[in-house]
A.B. asks: 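So that we are looking at the same thing, I have put the structure below in structure tokens.
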Amino acid sequence: MSTNNKVPFGLLGDILVDVNDVESGLACKCICPSCYGALVARKGRKNIHCFAHHKPDPNCEYTPETAIHLMAKQILLENYSIRLPKLDITVSALGVSRERYSESELLVKEGDFRYDKALSEQRIEGIIPDILLYKNGIPVLIIEIFVSHGVDHLKRDKIEKLDISCIEIKLDNRLINKATLAEKVLLSTDIKKWIYNKKSQSVRNKLNQVLEQKLAEDLLKAKRLSLAVEAKEKEAIKKRNEVRLKNKANGLKKPKWVYCDNPSCKVLYESIGSVSKCPECGHEDSMKDCRYL
């Protein structure tokens, strides 16, 4: 790490503190949570207030990302309510008619969630969540703080196996005071997303049942349409055959197959003579304008 990095929070006793809540200079009595070296509270009139190492340690790994990550967890430990984002469950599929069907349900409304207890870095079934929230003595919500690294697929799979709901809070590494960070962590919902919700699968199953019924109706509708088209084609063939038999009975020779000139019809039929009449739409075609087969 560059020892010139500015960090917003220092360790005073057992808790992280905001630079604005302590005295200036070494009188702040704060230390670095990583290397435990003394910190200086810089509170000038022009520059952003921040902490800096009194005697820089080139091996110290305390970065702004680390400071914000630690303070975000402390804020959740100090409070008993967090505002959760809404969660919509949607399923969709394409029917045989090429029409897309979808079903949705609002699983979680945006709102405040109150918890009884919060634990940090508590190992549970092979994973160590940033924060684990309890309600009535039961672990109900995992909170992951995303500053530089989000939840990967491996951790997501483990969370799903635990069957404990989880959200991720995305924070940037810009210098920020504790009050502003607390507002983001506790109240903002645009920086939060659901990683897993234990009720989502049952809701998705219910929606899929409704969707399957719609797809079955779509299939039946497509079959009916196909049968109607097939019946129409058979009727057209029947009419052509009738014309052929009539021409043969009248002793007409060398029947010609022509397409109807009517743009909305274009049916193929047999005709002999200078002028023919389409058996489908009744349009009189001029033989010179017809296309012969």
Side-chain angles (χ1 to χ4, degrees), residues 8-9 11 14-16 33-34 61-91 104-173 176 178-207:
F9 310 115
L11 192 63
D14 295 329
I15 62 171
L16 285 176
S34 178
E61 298 180 353
Y62 189 54
T63 64
E65 290 86 355
T66 303
I68 291 169
H69 192 273
L70 290 173
M71 181 56 85
K73 291 193 293 184
Q74 181 174 298
I75 288 169
L76 288 165
L77 294 173
E78 294 173 345
N79 291 272
Y80 296 93
S81 178
I82 181 173
R83 192 162 188 83
L84 299 180
K86 72 173 184 176
L87 176 60
D88 286 305
I89 303 296
T90 300
V91 296
S104 299
E105 183 174 318
L106 179 62
L107 177 57
V108 180
K109 294 181 179 179
E110 179 180 329
D112 296 331
F113 172 74
R114 295 194 61 82
Y115 51 94
D116 307 326
K117 181 176 67 172
L119 296 179
S120 175
E121 306 293 335
Q122 173 81 19
R123 177 177 287 277
I124 177 171
E125 297 293 334
I127 67 170
I128 304 177
D130 286 335
I131 293 291
L132 183 59
L133 302 185
Y134 285 75
K135 194 173 183 67
N136 299 324
I138 300 173
V140 293
L141 184 64
I142 291 171
I143 298 182
E144 292 293 322
I145 311 297
F146 176 9
V147 181
S148 56
H149 301 289
V151 176
D152 57 24
H153 292 294
L154 180 60
K155 192 167 189 177
R156 184 193 298 265
D157 291 342
K158 290 182 178 180
I159 290 172
E160 290 184 5
K161 288 180 181 179
L162 280 176
D163 200 27
I164 299 177
S165 298
C166 174
I167 65 167
E168 182 180 76
I169 303 177
K170 177 70 172 70
L171 301 170
D172 56 49
N173 62 0
I176 191 172
K178 182 180 179 181
T180 303
L181 183 60
E183 183 177 356
K184 285 179 173 290
V185 171
L186 300 176
L187 302 178
S188 297
T189 56
D190 59 335
I191 59 172
K192 298 169 184 170
K193 73 173 183 178
W194 286 93
I195 299 298
Y196 174 71
N197 187 290
K198 65 180 299 178
K199 296 181 180 179
S200 61
Q201 190 56 53
S202 61
V203 172
R204 188 171 282 108
N205 291 340
K206 181 181 68 174
L207 294 177

A.B. asks: So for atom NZ, which belongs to Lys135, do other residues, nucleotides or ligands contribute more than 12 heavy atoms lying within a distance under 6.0 Å?
C.D. replies: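 Count over threshold, so yes.
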
A.B. asks: Tell me, with the steps shown, if Ser104 and Ile89 meet side-chain contact (heavy atoms from CB on, under 4.5 Å).
C.D. replies: CA-CA 6 Å; Ser104 299; Ile89 303 296; over 6 Å; no

A.B. asks: Between Glu160 and Lys198, does at least one N-O distance fall below 4.0 Å, as a salt bridge requires?
C.D. replies: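 No, this pair does not count.
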
A.B. asks: Test of understanding: with side-chain hydrogen bond (donor to acceptor under 3.5 Å, both in side chains), list the residues that count as partners of Lys184, not counting sequence neighbours.
C.D. replies: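 Lys184 satisfies side-chain hydrogen bond (donor to acceptor under 3.5 Å, both in side chains) with no residue once adjacent residues are dropped.
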
A.B. asks: Cut-off 3.5 Å, side chains only: do Tyr115 and Asn79 have a donor facing an acceptor?
C.D. replies: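 There is no such pair (donor and acceptor under 3.5 Å, judged by atom type) between the side chains of Tyr115 and Asn79.
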
A.B. asks: Flag the pair Val140 / Ile164 as yes when at least one side-chain heavy-atom distance between them is below 4.5 Å, and no otherwise.
C.D. replies: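 Not touching, per the 4.5 Å side-chain cut-off.
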
A.B. asks: Should we count NZ of Lys170 as having more than 12 external heavy atoms under 6.0 Å?
C.D. replies: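 Result for NZ/Lys170: enclosed.
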
A.B. asks: So, Thr63 side chain and Thr66 main chain: donor-acceptor pair closer than 3.5 Å or not?
C.D. replies: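 Judged by distance alone, yes, a pair lies under 3.5 Å.
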
A.B. asks: Are Leu141 and Tyr134 close enough, and set up right, to give a side-chain contact (heavy atoms from CB on, under 4.5 Å), and what steps lead you there?
C.D. replies: CA-CA 7 Å; Leu141 184 64; Tyr134 285 75; over 6 Å; no

A.B. asks: Count the heavy atoms belonging to other residues, nucleotides or ligands that lie under 6.0 Å from CD of Glu121, then report whether that count exceeds 12.
C.D. replies: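 Yes - once you tally the heavy atoms of other residues, nucleotides and ligands closer than 6.0 Å, there are more than 12.
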
A.B. asks: Check whether any side-chain heavy atom of Pro129 sits under 4.5 Å from a side-chain heavy atom of Ile124, and report yes or no.
C.D. replies: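 Side chain of Pro129 against side chain of Ile124, heavy atoms only: contact under 4.5 Å found.
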
A.B. asks: Can we say Arg204 and Glu105 salt-bridge, meaning some charged N sits less than 4.0 Å from an Asp/Glu carboxylate O?
C.D. replies: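 Salt bridge: no.
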
A.B. asks: How many angstroms lie between atom CD1 of Ile167 and atom OG1 of Thr189, to the nearest 0.5 angstrom?
C.D. replies: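 It is 10.0 Å, given to the nearest 0.5 Å.
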
A.B. asks: May I ask you to decide whether Arg83 forms a salt bridge with Glu183, counting only side-chain N to carboxylate O separations under 4.0 Å?
C.D. replies: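 Looking at Arg83 and Glu183, the cut-off is not met.
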
A.B. asks: I'd like to know whether Lys73 forms a side-chain contact (heavy atoms from CB on, under 4.5 Å) with Ile145, so could you lay out the CA-CA distance, the side-chain angles of the two residues, the decisive distance to 0.1 Å, and finally the verdict.
C.D. replies: CA-CA 8 Å; Lys73 291 193 293 184; Ile145 311 297; 4.1 Å; yes

A.B. asks: Think Lys192 forms a cation-pi with Phe146, using NZ or CZ under 6.0 Å from the six-ring centre and within 45 degrees of its axis?
C.D. replies: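 The answer is no, since Lys192 fails at least one limit relative to Phe146.
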
A.B. asks: Decide, yes or no, whether a salt bridge links Lys86 with Asp88 under the criterion of side-chain N to carboxylate O below 4.0 Å.
C.D. replies: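 Result for this pair is yes, salt bridge flagged.
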
A.B. asks: Apply side-chain contact (heavy atoms from CB on, under 4.5 Å) to the pair Ile143 and Leu133, showing each step before the final yes or no.
C.D. replies: CA-CA 8 Å; Ile143 298 182; Leu133 302 185; 3.6 Å; yes

